[in-house]
Number of protein chains: 2
Amino acid sequence: MLNGRTPSVKDVAAAAGVSLGTVSNVMNRPEVVSARTRERVERAMAELGFVRNESARQLRAGTSRTLAYVMLDGTNPFFHDVAQGIENAAEDADLSLFICNSNSRSAREEVHLDRLLQQRVQGILITPVDPAAPHLDELSRRGVPLVIVDRVRGADSCCSVSVNDVLGGRIAVEHLAEQGHNRVAFVGGPDSLGQVGERLQGAREIWQSLGKDPDDLIYLPTEALTVAEGRSAGERLAGLPARRRPTAAFCANDLLALGLLQQSIGAGLRVPDDLAIVGFDDIEFAAAAAVPLTSVRQPRQELGRAAAQLVLDEATNPEHRHQQLQFQPELVARASTVSRGRAL
Amino acid sequence: MLNGRTPSVKDVAAAAGVSLGTVSNVMNRPEVVSARTRERVERAMAELGFVRNESARQLRAGTSRTLAYVMLDGTNPFFHDVAQGIENAAEDADLSLFICNSNSRSAREEVHLDRLLQQRVQGILITPVDPAAPHLDELSRRGVPLVIVDRVRGADSCCSVSVNDVLGGRIAVEHLAEQGHNRVAFVGGPDSLGQVGERLQGAREIWQSLGKDPDDLIYLPTEALTVAEGRSAGERLAGLPARRRPTAAFCANDLLALGLLQQSIGAGLRVPDDLAIVGFDDIEFAAAAAVPLTSVRQPRQELGRAAAQLVLDEATNPEHRHQQLQFQPELVARASTVSRGRAL
DNA sequence: AACGGCTATTGAAACATTTCAAGCATCGTC
DNA sequence: GACGATGCTTGAAATGTTTCAATAGCCGTT
């Protein structure tokens with residue numbers, strides 16, 4: 001009767017001598033069924049090795065038990081920390097988390113979103129390639145709970161969770177100025193990326209308000225936010241004529257900073273004495289670098305957790321209002337900007 | 001008639017003036033439906049914004065379109081590279097990939113597996129906390145296609161994909177011996193971890209066959225394979241009396257090696273002149289370290305891709321035989337073992 | 001005009017669950 | 001001993017697809 005099939009509620013019901021509905025009740029509202037039959041049903045389940053079919057459950061109940069996060073760049077540990085924060089929140093709410101990776105490709109992002117729509121996930125968290133992409137509007141229009149992570153989107157068409165990147169740029173450069181640097185490079189790009197633009201803006205603002213010459217804040221553009229690009233920026237830096245060469249660099253993220261650090265040390269520079277370096281994100285490897293990296297810390301896990309809470313609110317609370325949450329970054333000073341034995 | 005609901009095949013059929021079955025055919029075997037009606041149906045879908053309900057599809061068709069990977073440690077980039085390899089293979093097969101993370105906790109692993117069973121995923125790839133855990137047998141017994149990644153399991157109860165860790169240990173230590181080191185530390189632990197034990201075994205084998213004194217291969221145990229543990233190992237290393245202190249260290253993975261590297265440089269040692277260091281895995285940050293790290297490379301993405309292919313074979317090919325695939329590791333020599341300007 | 005062979009479409013059953021109104025005991029109360 | 005009330009259990013409908021046997025239409029042959 002069960003020939004090889006994986007057992008269904010029907011089989012359990014038969015084995016326990018009760019009806020379908022009772023088995024379902026045991027799973028979904030155990031309090032309405034008497035202790036005696038509950039126990040009988042549970043034993044039957046265990047004996048048969050019954051595992052509830054989630055597709056059928058979801059089809060009938062109309063509600064799924066999963067959240068999804070579409071991350072921007074799988075090679076950047078920052079996003080994995082964000083994902084971990086989401087996962088923790090999801091675990092608390094007894095939900096599963098689907099993790100996808102767009103690898104910064106808009107087409108791939110769209111494929112993932114389409115599939116998530118088919119899965120009828122409860123909500124989608126995303127760090128988008130382009131926050132203005134029309135396929136994101138599409139989601140809102142469909143009424144899928146949506147939260148933008150680490151970016152913001154025009155108007156309040158949906159929730160977002162981000163970090164004050166302008167402020168991040170300010171504190172990074174302020175720190176360098178305090179250390180006595182008068183010629184500083186900003187390494188990052190492409191500046192069409194929201195974060196890069198804002199971190200640069202913050203850097204320029206504080207530089208100006210400190211009364212420094214704008215020409216002494218040098219923009220060193222990169223093609224991407226990777227270690228390799230950081231190295232290449234280092235080479236360009238070394239190629240500058242000595243009187244124009246900066247004594248410090250503020251990198252738009254830690255991967256760039258690590259690349260720059262590596263290239264500089266390899267070229268015989270002393271860090272921080274010949275070149276001070278500040279990164280952004282404070283990923284785990286920042287502290288673990290051979291010269292521990294000063295960095296602007298974002299509350300990565302917190303970011304993910306907050307985003308998950310927003311998406312759950314949107315999914316469950318009918319009076320939900322879209323919010324733009326913003327966290328404040330914080331400078332973590334380490335050896336890459338502060339000489340050993342030299343007081344702050 | 002459609003009041004707010006998300007449209008179903010039925011709505012599409014009505015809008016296009018055809019039957020349910022035809023709409024389904026348009027999606028699943030477009031070749032059997034005439035160009036004219038196909039076009040009509042497709043227009044109706046676009047107008048209504050129809051998105052197929054995957055739960056219903058899966059319930060009826062009995063087959064899901066997802067694979068799952070349960071990774072061991074989300075903080076280790078190695079596993080993300082493996083995941084990327086799986087993802088690529090999944091993409092080629094037009095499947096989605098569910099990524100879970102057990103964070104080395106057996107209980108969490110079990111929760112994930114249970115949920116994946118409920119989802120009726122096509123197959124499960126896993127780097128288990130303990131390859132002998134009974135809940136893995138449970139999966140095999142249920143007939144879920146299963147592949148163990150980066151570990152092996154007794155007998156041929158299921159497929160596995162791994163790297164020859166004994167050989168990895170041999171080539172690492174052989175390389176150090178070639179560089180003239182006569183006193184070498186092995187850093188890693190706990191040695192209940194399969195990889196750690198086998199890498200250590202390989203190290204001991206080659207050490208002996210080179211005719212060196214076993215007492216000069218020093219085992220420095222760690223609690224986990226993390227950067228912090230690497231630093232702590234560095235402190236213990238520094239604490240050894242000079243005549244017993246090794247001139248080289250072979251670390252069971254790159255995170256340990258990076259921690260050791262950082263601690264050593266911070267303590268004023270020159271790498272590789274005072275201490276040569278070899279890691280294992282060749283994660284991206286290995287090459288990017290301030291002293292680029294010599295490491296034993298595992299074909300990480302290849303590992304994932306091969307595992308995905310095995311699981312797909314098991315899922316689709318009735319004549320599938322379990323296989324234990326093993327890749328060979330390869331030494332990547334960099335500055336952490338080879339002095340600049342000194343020929344290999 | 002009947003027929004056979006195509007191709008394109010249809011209709012109904014099936015998938016495994018949840019939900020809910022209705023039914024059935026059992027019990028205490030008058 | 002009738003009556004509600006209470007507490008469990010049941011049976012059937014509903015969810016959105018896919019699948020497949022059956023049918024309808026069409027064309028060319030005889």
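A note on names: the letters A, B, ... follow the listed sequences, proteins ahead of strands, and every chain is numbered from 1.
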| request: Round to a whole Å and report the spacing from CG of A/N28 to P of C/dC20. | output: 12 Å
| task | Please figure out whether B/N25 or A/N25 has its closest DNA chain C nucleotide nearer the 5' end. | result | B/N25
| task | Dump the intermediate steps for salt bridge (charged side-chain N to carboxylate O under 4.0 Å, His left out) on A/E284 and A/R300, then the final yes or no. | result | CA-CA 11 Å; A/E284 199 198 352; A/R300 298 158 276 155; over 6 Å; no
| task | May I have the step-by-step check of salt bridge (charged side-chain N to carboxylate O under 4.0 Å, His left out) for A/E109 and A/R105, ending in yes or no? | result | CA-CA 6 Å; A/E109 178 177 295; A/R105 285 162 43 210; over 6 Å; no
| note | When rounded to whole Å, the CD to C1' distance for the pair B/Q118 and C/dT18 reads 15 Å
| query | Do B/R38 and B/P30 touch side chain to side chain, with heavy atoms closer than 4.5 Å? | reply | yes
| query | Do A/F98 and A/Y69 have their ring centres less than 6.0 Å from each other? | reply | no
| request: Write out all pairs satisfying salt bridge (charged side-chain N to carboxylate O under 4.0 Å, His left out) with one or both partners inside residues 50-61 of chain B, taking only residues at least two apart or from two chains. | output: B/E54-B/R57
| field | Outermost nucleotides of DNA chain D that come under 4.0 Å of a non-hydrogen atom of chain A | value | D/dC8 to D/dG16
| request: Could you tell me whether A/S24 contacts a base, only the sugar-phosphate backbone, or nothing, with contacts defined as non-hydrogen atoms closer than 4.0 Å? | output: base
| task | Carefully, step by step, assess A/D150 and A/L303 under the rule side chain to side chain contact (heavy atoms under 4.5 Å, CB included). | result | CA-CA 8 Å; A/D150 200 36; A/L303 217 58; 4.2 Å; yes
Atom pairs under 3.5 Å: protein N/O with N/O of nucleotides 12-16 of chain C:
residue	atom	partner	partner atom	Å
C/dA14	N3	B/R60	NH1	2.8

| Rounded to the Å, how far apart are B/R36 CZ and C/dA8 P? | 13 Å
| query | For the helix from C/dA1-D/dT30 to C/dC30-D/dG1, what is the angle between the axes at its two ends, each from 5 pairs, rounded to 10°? | reply | 60°
| task | Under 4.0 Å between any heavy atoms, over every strand shown, what does A/T37 touch: base, sugar-phosphate, or nothing? Just pick one. | result | sugar-phosphate
| Would you say C/dT10 has OP1 or OP2 under 4.0 Å from some side-chain N or O of B/T22? | yes
| query | When you look at CD of B/E31, are more than 12 heavy atoms from neighbouring residues, nucleotides or ligands closer to it than 6.0 Å? | reply | yes
| said: Suppose we screen for side chain to side chain donor-acceptor pair (under 3.5 Å). Which residues come up paired with A/R153, at least two apart in sequence or across chains? | reply: A/D137, A/S157
| ring-ring contact (aromatic ring centres under 6.0 Å, His included): pairs with one or both residues in residues 107-137 of chain B, sequence neighbours excluded | none
| query | Have B/R115 and A/S96 got a donor and an acceptor in their side chains that come within less than 3.5 Å? | reply | yes
| query | Between B/D313 and B/Q309, is any side-chain donor less than 3.5 angstrom from a side-chain acceptor? | reply | no
